[in-house]
Amino acid sequence: MKKLLHIAICLLAVYNLSGQTISGKVYDENKLPLPGASVYLDGTSTGTVTSDDGSFELQIPKRINTVLVFSFIGYGTETVTVPSENRRFEVHLKPKTDMLREVVIQKGGFTRKQMLAIFLEEFLGRSKAGRSCKILNPDDINLRYDYKQNRILATSDAPLKIENPYLGYEIDFNLIECYVVFSRKSVSRGDVMSNAFSGTTAFKELADTKDRFAQRRRDAYFGSQTEFFRNLVDGKWDKEKFQLFKGSYKTDASEWFEVVYAKESYHVKVLGEAIENSGLTLEPKTFYAHFNLLYDKQRQSGVIFRTGAFTVDSFGNTDSPMDIVFTGEISKLRAGDLLPIDYSP
């Protein structure tokens, strides 16, 4: 069975701003100002921290499919959509409820060390970038093995601090949902069937690395999901980029996708008919189209559309990440290969 990958960085909402400033205040549960809280655009390097009185001000780029994230250690994370008519925000963070981790020892079960090893490999990836990454706070990762569905479930008590010296970033990954599914009761790489990770991310440039890592970042971008979506809405299909195949036959993308540009976003309609799952996915969900992709004449991937319509912003980010599933080469790109969603080569 083909391995599937979802990497969804919570692309849940749409900004309708163009180089404008937003501001506001962040409070705790007692309505007191919360200094030092992080405020950032999910998946970007655009962010700030609140001042002593809990206030913040942030310059927003042009329209982008992401949300505004508010976080503070010990408090639950809040995300806010930024409608065009709203420039001022008041956010109240609530403390997390302290919960003791339940430790269940089962005969023949897997140790935390075993589960952590495969989680890190599947989450960060096995590319050069993925292997170079290090999570600085692994003790904050909660792992549980679901023996009924043969999968590892992961959550985190705090944003994962990822150091990526290969691409030159420090990343705060607020893990919302994660699972790694196996074909049998196992934690072996060869038995992994699928995985999915979702969360919010904040990028920070490592000192003096932008020029030094420019080529590595371009290499990470070429052939990625982001380039695929940008090419799709721009209608760029050629031998040096992506080619679209239906089965083993090259097909015309205009016969399958209708792209309309409106209100600074691309609205894409998948022209395939809704079909019930027929073994292409692990779950019995409806899908609209399944294609094979060839990038630069050699890198083979696949893409399954579980939605008949979605939106793509000017950066190539979609509002329906969990409904568009990649297989093959693209699916091998994990958290260690992530670039800020507003990156351009």
Seminar exercise, completed: d(E163 CD, K134 NZ) to nearest 0.5 Å is 7.0 Å
Seminar exercise, completed: Tested for salt bridge (Lys or Arg N to Asp or Glu O under 4.0 Å) against K161, the lone hit among D139, D140, D172 is D172
Exercise. If only atom types and distance count, is the side chain of T48 paired as donor or acceptor with the main-chain N or O of L58 below 3.5 Å?
Worked result: no
Exercise. Regarding D313 and S265, is there a side-chain donor-to-acceptor distance under 3.5 Å anywhere?
Worked result: no
Exercise. Hey, would you say the Y166 and F213 ring centroids sit under 6.0 Å apart?
Worked result: no
Problem set entry | Contact check, side chains of Y343 and T226, non-hydrogen atoms, under 4.5 Å | no
Exercise. Would you say the side-chain atoms of T50 pair up with the backbone N or O of G36, donor to acceptor, closer than 3.5 Å?
Worked result: yes
For this session: Show your working on side-chain contact (heavy atoms from CB on, under 4.5 Å) between T77 and V69 and close with a plain yes or no.
Result: CA-CA 7 Å; T77 299; V69 180; 3.5 Å; yes
Problem set entry | Test item: N292 side-chain N/O and G247 main-chain N/O as donor-acceptor pair under 3.5 Å | yes
Exercise. Taking atom types as modelled, is there a side-chain donor on S186 or D191 under 3.5 Å from an acceptor on the other?
Worked result: yes
For this session: For the residue pair T21 and Q59, confirm or rule out a side-chain donor-acceptor distance under 3.5 Å.
Result: yes
Exercise. So, do F123 and F173 have ring centers that fall under 6.0 Å from each other?
Worked result: yes
For this session: Taking atom CG of D52 as the centre, report whether more than 12 heavy atoms of other residues, nucleotides or ligands fall under 6.0 Å from it.
Result: no
Exercise. Is the backbone of S320 close enough, under 3.5 Å, to the side chain of T318 for a donor and an acceptor to pair up by distance?
Worked result: yes
For this session: Measure the CG-OG1 distance between N142 and T155 for me, rounded to the nearest 0.5 Å.
Result: 4.0 Å
Seminar exercise, completed: Paired with F228, the ring pair (Phe, Tyr, Trp, His ring centres under 6.0 Å) test is passed by just one of F257, F291, F326, Y221, namely F326
For this session: Check whether any side-chain heavy atom of L244 sits under 4.5 Å from a side-chain heavy atom of L293, and report yes or no.
Result: yes
Exercise. Is V303 linked to L294 within one hydrophobic cluster, defined over Ile, Leu, Val, Met, Phe, Trp and Tyr using a side-chain heavy-atom separation of less than 4.5 Å?
Worked result: no
Exercise. Once you round to the nearest 0.5 Å, how far does CG of N231 lie from CG of D238?
Worked result: 7.5 Å
For this session: Could you please spell out the steps behind the side-chain contact (heavy atoms from CB on, under 4.5 Å) verdict for R230 and K236?
Result: CA-CA 8 Å; R230 290 180 185 179; K236 294 180 179 179; over 6 Å; no
Exercise. side-chain contact (heavy atoms from CB on, under 4.5 Å) between L143 and L153: does it pass, once the steps are laid out?
Worked result: CA-CA 6 Å; L143 299 166; L153 304 174; over 6 Å; no
Exercise. Can you find a side-chain donor-acceptor pair between T327 and S331 that sits under 3.5 Å?
Worked result: no
For this session: Please list, chain by chain and in numerical order, all residues satisfying ring pair (Phe, Tyr, Trp, His ring centres under 6.0 Å) with F245, sequence neighbours excluded.
Result: none
For this session: Mind listing the closest non-hydrogen atom pair of H290 and I304 along with its distance?
Result: CD2-CG1, 3.4 Å
Problem set entry | Joint cluster assignment, F229 & Y261, ILVMFWY side-chain distance < 4.5 Å | yes
Exercise. Is R189 salt-bridged to E122, going by a charged N under 4.0 Å from an acidic O?
Worked result: no
Seminar exercise, completed: When every non-hydrogen atom of A289 is compared with those of V270, the smallest separation belongs to CB-CG1, 3.8 Å
Exercise. How many angstroms lie between NZ in K148 and NZ in K185, if you round to the nearest 0.5 Å?
Worked result: 10.5 Å
For this session: Report yes or no: do Y27 and V80 belong to one cluster of Ile/Leu/Val/Met/Phe/Trp/Tyr joined by side chain heavy-atom distances under 4.5 Å?
Result: no
Seminar exercise, completed: Value for NE2 (H92) from CG (L32), rounded to nearest 0.5 Å, stands at 10.5 Å
For this session: Would you please indicate yes or no on a ring centroid separation below 6.0 angstrom for F310 and F305?
Result: yes
Problem set entry | Distance in Å, L175 CG paired with S198 OG, rounded so as to fall on 0.5 Å steps | 7.0 Å
Problem set entry | CA sep, side-chain torsions, deciding dist, call: R217, E205, salt bridge (charged side-chain N to carboxylate O under 4.0 Å, His left out) | CA-CA 12 Å; R217 292 177 183 180; E205 294 268 2; 2.9 Å; yes
Exercise. Quick one: do Y40 and V49 end up in the same hydrophobic cluster if we chain Ile, Leu, Val, Met, Phe, Trp and Tyr together by side-chain heavy atoms under 4.5 Å apart?
Worked result: no
Exercise. Is it the case that more than 12 heavy atoms not belonging to Q300 sit under 6.0 Å from its CD atom?
Worked result: no
Problem set entry | Cation-aromatic face contact K246/W256, 6.0 Å, 45 degrees | yes
Exercise. How far apart are the C-alpha atoms of T79 and L68, what are their side-chain angles, what is the distance that settles it, and do they pass the side-chain contact (heavy atoms from CB on, under 4.5 Å) test?
Worked result: CA-CA 6 Å; T79 58; L68 190 63; over 6 Å; no
Exercise. Between T200 and D42, does a side-chain hydrogen bond (donor to acceptor under 3.5 Å, both in side chains) hold up when you go through it step by step?
Worked result: CA-CA 5 Å; T200 61; D42 177 29; 4.6 Å; no
Problem set entry | Presence of salt bridge, R299 and E227, under 4.0 angstrom | no
Seminar exercise, completed: Closest heavy-atom pair, S224 versus A220, reported as atoms and distance to 0.1 Å, is CB-O, 3.6 Å
Exercise. Do D28 and L93 have side-chain heavy atoms sitting under 4.5 Å apart?
Worked result: no
Exercise. What are the two closest non-hydrogen atoms of G223 and I330, and how far apart are they?
Worked result: O-CG1, 3.5 Å
For this session: Ignoring hydrogens and angles, tell me if any N or O in the side chain of R151 forms a donor-acceptor pair with the backbone of Y145 under 3.5 Å.
Result: no
Exercise. Counting only heavy atoms not in K241, do more than 12 fall under 6.0 Å of its NZ?
Worked result: yes
Problem set entry | S45 side chain to Y169 side chain, donor-acceptor N/O pair below 3.5 angstrom | no
For this session: Determine yes or no for a side-chain-to-main-chain donor-acceptor pair under 3.5 angstrom, with N137 supplying the side chain and P159 the backbone.
Result: yes
Exercise. Among the clusters formed by ILVMFWY side chains lying less than 4.5 Å apart, do L232 and L271 turn up in the same one?
Worked result: no
